[in-house]
Undergrad: 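Handing you this structure, nothing more for now.
What you see is a predicted model; the values in this text were computed from it and never measured. Order of the sequence lines sets the chain letters (A, B, ...), proteins ahead of strands, with each chain counted from 1.
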Amino acid sequence: MLFPEIKNLGEDSCEKVLSSISLEEPKNREFGDLTTNAAMVLASKVRKKPADLAILIKDKILYKYEEIKDVSVAGPGFLNIKLKDSFIIEKILDVFEKHDSYGSNDLAKGTKIQIEYVSSNPTGNLHIGHGRWGVMGDILSNIYSLNGFDVCREYYVNDYGTQAKIFSECVKSVYLEKFDMKYPYPEEGYPRDTVSNVADILFEKFADTFIKNKKTLEFDDISFSKNAIGIMVSFISDTLKSIGVEFDVWFFESSLYGEGSFEKTLDFLKKRKLTYEKEEALWFKSTAFGDDKDRVIIRKDGNPTYFASDIMYLMNKKERAFEYLLYILGADHHGYISRLKAIASSIGMDSKKVSIVIGQLVRIVEGREVQKMSRRKGKGFTLDDLVSEVGKDAVRYFFSMNSFDTHLDFDISLAKKKSSQNPVFYVQYAFARVGSIIRKAGESRPGNIDADFISSMDDYDSQAFKDFLLRIDRNDFKNSSERNLAWTILLLPDNVRDACKSDAPYFINQYLYRLASEFHYFYKHNKIISKDKVNIKRLLLALAARLVLKKGLAILGVSAPERM
RNA sequence: GCGCCUGUAGCUCAACUGGAUAGAGCAUCGGACUACGAAUCCGCAGGUUGGGGGUUCGAAUCCCUCCGGGCGCGCCA
């Protein structure tokens, strides 16, 4: 999304017109490398026919550029531009020049953004959906970083309210059984197997530490609960780590409530006349800020609600001076959008800088069987099940390959396949193929390549590599497969930028698939190594493809194997 | 009932946010190994964009209205 300021150049009409001019790849590649609608957008402003204006732009402006080989006017007034091969080759050399920084930009210039995702209650295992939000959050964080943002990845742990309490009670009941002590298991309690795991660990680690007096049943509930939740959080953290999802901050809801901070918040709200009492409860006027109903802050029984925590948490985020806040929530939480925005406005934040992405739910599909994700045990897959079934790479690729807005069908049998039907393998195989070429080149000891270079094909800063780049000629490509591959290699930065603009990690997946496809075709139709010689320019393209594939896979957090 | 998302090829999804002939991958059918990895490549076929109206030079995209699917609407978190 890159947020309003960066996305829109401004309100004033002139800039608005300019910003609606596009320069992009045409839908149909035969039209050229780039196309612009400039003539159509500007035509009415200068009172000319789009086609006439297009010809004017073509002759007076575009032909001045050395990089341009040809321009044609087509359709209602599109200007199609074909670039010179020599220019594309220069750009490929640039890719190696930049290498590590290739694909990144500094559009956001260190702007602080916090991305909160998963934030599942620490009262049970993660389900498949959490995996999707986790992967989405992680990849989006990567993408934001590449666009220059200073990203804080955060998980909000709900360890304070009723649910956390019920969970502790469950664990306590099982735990005390180990000492032949009876404690009622709450009705509507959590599934017993997860609870037992936690109780077992507490027993192993702490033995009877929490039991202060066996006869009077005196029990250290506070410490017990804290540890029980802590263990659950470590389970969750382990699961997420297994798919490469990690956080900078694990923020505990309970930490909001120390040292009279709740009272301070109440004072703050009361002073601003944002609260009122009704039916023995304290309410927050969230409707004044666009929410669809007012919310209770303090219940009839005197306890704060979850909404109260939301307010304090948001104030806390504000204090930490994040310029932008991004939430990734499951579709079952879409009711939050208006309330979070309402809180943000009420405490003086710009609600436009609080952005909420809603991910649609996930179904597991195996053949024709459809399973809905479920948190209840015995029904459906947990995230752990899925990871052990198909592995980290497939989980990450499949979870990121579609738009957030579509319900995702996760096809387990497809994810397990090791063939071209499986997009993960297709992309990884392209990378492995370049590795294979490099090895082959080393073995065949070609006359026109020296040994230093072969051993340093990954070391773009080495002298041998730089010498190699100097040998590349600027002559035209021999065929369209060489040119298309080169062109595709150059599109990574645009995709990284657009993926951020639209909060769409799947742009990267699609780009990688296209690049892999372009490479496979190139590979099939062009010989790189012949008997005693290497085609240097083709090797250059293969190496550039390798660099970009690696970079792209890294954004997705999917491994790039040398061999498969 | 109200709100959010959604309906595109047999299946899973795209379409650069209003642009050119709606594109990919699976699946189906045909073709290519004496070959740097056939885990690949090439080709054929597949569509009234759920239905109907409207807005304009131009609509899968925006508006209205039906129909279908998912998810929300607690003094739970």
Undergrad: Counting Watson-Crick and G-U wobble pairs only, both distances under 3.5 Å, name the nucleotide matched with G23(B), or none.
TA: C13(B)
Undergrad: Please work out if Ile528(A) contacts a base, only the sugar-phosphate, or nothing of the nucleic acid, heavy-atom cut-off 4.0 Å.
TA: base
Undergrad: When rounded to the nearest Å, what value does the distance between C1' atoms of G47(B) and G23(B) take?
TA: 12 Å
Undergrad: Please confirm whether the backbone N or O of Ala499(A) pairs with a side-chain atom of Asp503(A), one donor and one acceptor, at under 3.5 Å?
TA: no
Undergrad: Could you measure between the two C1' atoms, the one in G46(B) and the one in U8(B), and give it in whole Å?
TA: 14 Å
Undergrad: Among C41(B), C36(B), A20(B), which is the nearest nucleotide to the side chain of His525(A)?
TA: C41(B)
Undergrad: Tell me which nucleotide, if any, is Watson-Crick or G-U wobble paired with A60(B) when both distances must be under 3.5 Å.
TA: none
Undergrad: Given A77(B), is OP1 or OP2 found less than 4.0 Å from the side-chain N or O atoms of Thr162(A)?
TA: yes
Undergrad: Expressed as a whole number of Å, how far does the C1' atom of A60(B) sit from that of G51(B)?
TA: 15 Å
Undergrad: Please give, in whole Å, the distance from G72(B) C1' to Lys293(A) NZ?
TA: 10 Å
Undergrad: Of the listed nucleotides (A15(B), C41(B), C75(B)), which one gets closest to any side-chain atom of Glu279(A)?
TA: C75(B)
Undergrad: Whole Å only: how far is the CZ atom of Phe399(A) from the P atom of C13(B)?
TA: 13 Å
Undergrad: Which nucleotide in the set G70(B), C16(B), C73(B) lies at the smallest distance from any side-chain heavy atom of Leu361(A)?
TA: G70(B)
Undergrad: Quick one about Asp393(A) and Gln428(A) (side-chain donor to acceptor, distance below 3.5 Å, no hydrogens or angles considered), yes or no?
TA: yes
Undergrad: With a 3.5 Å cut-off and just heavy-atom distances, do the side chain of His333(A) and the base of G72(B) make a donor-acceptor pair?
TA: no
Undergrad: For atom C1', what is the distance between G25(B) and C64(B), given to the nearest Å?
TA: 36 Å
Undergrad: Pairing check on A45(B): which nucleotide meets the Watson-Crick or G-U wobble criteria with it, both distances under 3.5 Å?
TA: none
Undergrad: Between the base of A20(B) and the side chain of Asn80(A), is there a donor and acceptor pair under 3.5 angstrom?
TA: yes
Undergrad: For the side chain of Gln510(A), starting at C-beta, report the closest nucleotide among C71(B), A14(B), A77(B).
TA: A14(B)
Undergrad: For Leu329(A) and A77(B), what is the distance between atoms CG and P respectively, to the nearest whole Å?
TA: 17 Å
Undergrad: Determine the Euclidean distance between corresponding C1' atoms of G10(B) and A45(B); express it in Å to zero decimal places.
TA: 12 Å
Undergrad: Quote, to the nearest angstrom, the C1' distance that separates G52(B) from A59(B).
TA: 15 Å
Undergrad: Any idea if U6(B) is syn or anti, going by the 90°-from-0 cut?
TA: anti
Undergrad: Could you tell me whether His407(A) contacts a base, only the sugar-phosphate backbone, or nothing, with contacts defined as non-hydrogen atoms closer than 4.0 Å?
TA: base
Undergrad: Would you check if there is a donor-acceptor pair between the side chains of Trp250(A) and Glu154(A) at a distance under 3.5 Å?
TA: no
Undergrad: So, the side chain of Thr488(A) versus the backbone of Asn484(A): is there a donor-acceptor pair under 3.5 Å, distance only?
TA: yes
Undergrad: If C36(B) has a Watson-Crick or G-U wobble mate with both distances under 3.5 Å, name it; if not, just say none.
TA: none
Undergrad: Between Tyr506(A) and A15(B), is there a contact of a side-chain N or O with OP1 or OP2 at under 4.0 Å?
TA: yes
Undergrad: Only pairs with both distances under 3.5 Å count, Watson-Crick or wobble alike; so what is the partner of G3(B) in this structure?
TA: C71(B)
Undergrad: Syn or anti for C16(B), please, going by whether the chi angle lies within 90° of 0.
TA: anti
Undergrad: What's the NZ-P distance between Lys278(A) and G74(B), to the nearest Å?
TA: 13 Å
Undergrad: Give the nucleotide from the list A77(B), C13(B), G69(B) with an atom nearest to the side chain of Asn402(A).
TA: C13(B)
Undergrad: Which nucleotide sits closest to the side chain of Tyr336(A): A20(B), C36(B), A77(B)?
TA: A77(B)
Undergrad: So, does Tyr426(A) get its side chain near the phosphate of C41(B), meaning an N or O under 4.0 Å from OP1 or OP2?
TA: yes
Undergrad: Could you give me the CA-CA distance, side-chain angles and deciding distance for Tyr156(A) and Tyr313(A), then say whether ring pair (Phe, Tyr, Trp, His ring centres under 6.0 Å) is met?
TA: CA-CA 9 Å; Tyr156(A) 180 54; Tyr313(A) 186 33; 4.0 Å; yes
Undergrad: Should Glu277(A) and Lys285(A) be marked as a salt bridge (charged side-chain N to carboxylate O under 4.0 Å, His left out) after you check the CA-CA gap, both sets of side-chain angles, and the distance that decides it?
TA: CA-CA 11 Å; Glu277(A) 286 188 40; Lys285(A) 292 182 190 167; over 6 Å; no
Undergrad: Atom CZ of Phe404(A) and atom C1' of C4(B): how far apart are they, to the nearest Å?
TA: 16 Å
Undergrad: Is the phosphate of C73(B) approached by Arg295(A) (side-chain N or O, under 4.0 Å from OP1 or OP2)?
TA: no
Undergrad: Let's test your reading of the model: under 3.5 Å, does the base of A77(B) pair with the side chain of Thr123(A) as donor and acceptor?
TA: no
Undergrad: Between C1' on A15(B) and OH on Tyr511(A), what's the gap in Å once rounded to a whole number?
TA: 19 Å
Undergrad: Where the side chain of Asp405(A) is concerned, which of C36(B), U6(B), C75(B) is the nearest nucleotide?
TA: U6(B)
Undergrad: When you compare the ring of Phe78(A) with the six-membered ring of A20(B)'s base, are the centres less than 5.5 Å apart and the planes under 30° from each other?
TA: yes
Undergrad: Nearest to the Tyr513(A) side chain among A77(B), A14(B), G25(B), which nucleotide is it?
TA: G25(B)
Undergrad: Any sub-3.5 Å donor-acceptor pair from Arg299(A)'s side-chain atoms to Ala281(A)'s backbone N or O?
TA: no
Undergrad: Could you tell me whether a side-chain N or O of Asn147(A) sits under 3.5 Å from a main-chain N or O of Leu107(A), the two making a donor and an acceptor?
TA: no
Undergrad: Of the nucleotides C75(B), C16(B), C42(B), which one has an atom closest to the side chain of Glu24(A)?
TA: C16(B)
Undergrad: Roughly how many Å is it from CZ in Phe252(A) to C1' in A77(B), rounded to a whole number?
TA: 16 Å
Undergrad: Can you measure Asn422(A) atom CG to C26(B) atom P for me and round it to whole angstrom units?
TA: 11 Å
Undergrad: Using a strict threshold of under 4.0 Å (side-chain N to carboxylate O), is an ion pair present between Asp292(A) and Arg339(A)?
TA: no
Undergrad: Using atom P of each nucleotide, how far apart are C66(B) and A24(B) to the nearest Å?
TA: 38 Å
Undergrad: Could you please name the option among C5(B), C36(B), C75(B) that lies closest to any side-chain atom of Lys527(A)?
TA: C36(B)
Undergrad: Has Arg299(A) got a side-chain N or O lying under 4.0 Å from the OP1 or OP2 atom of A77(B)?
TA: yes
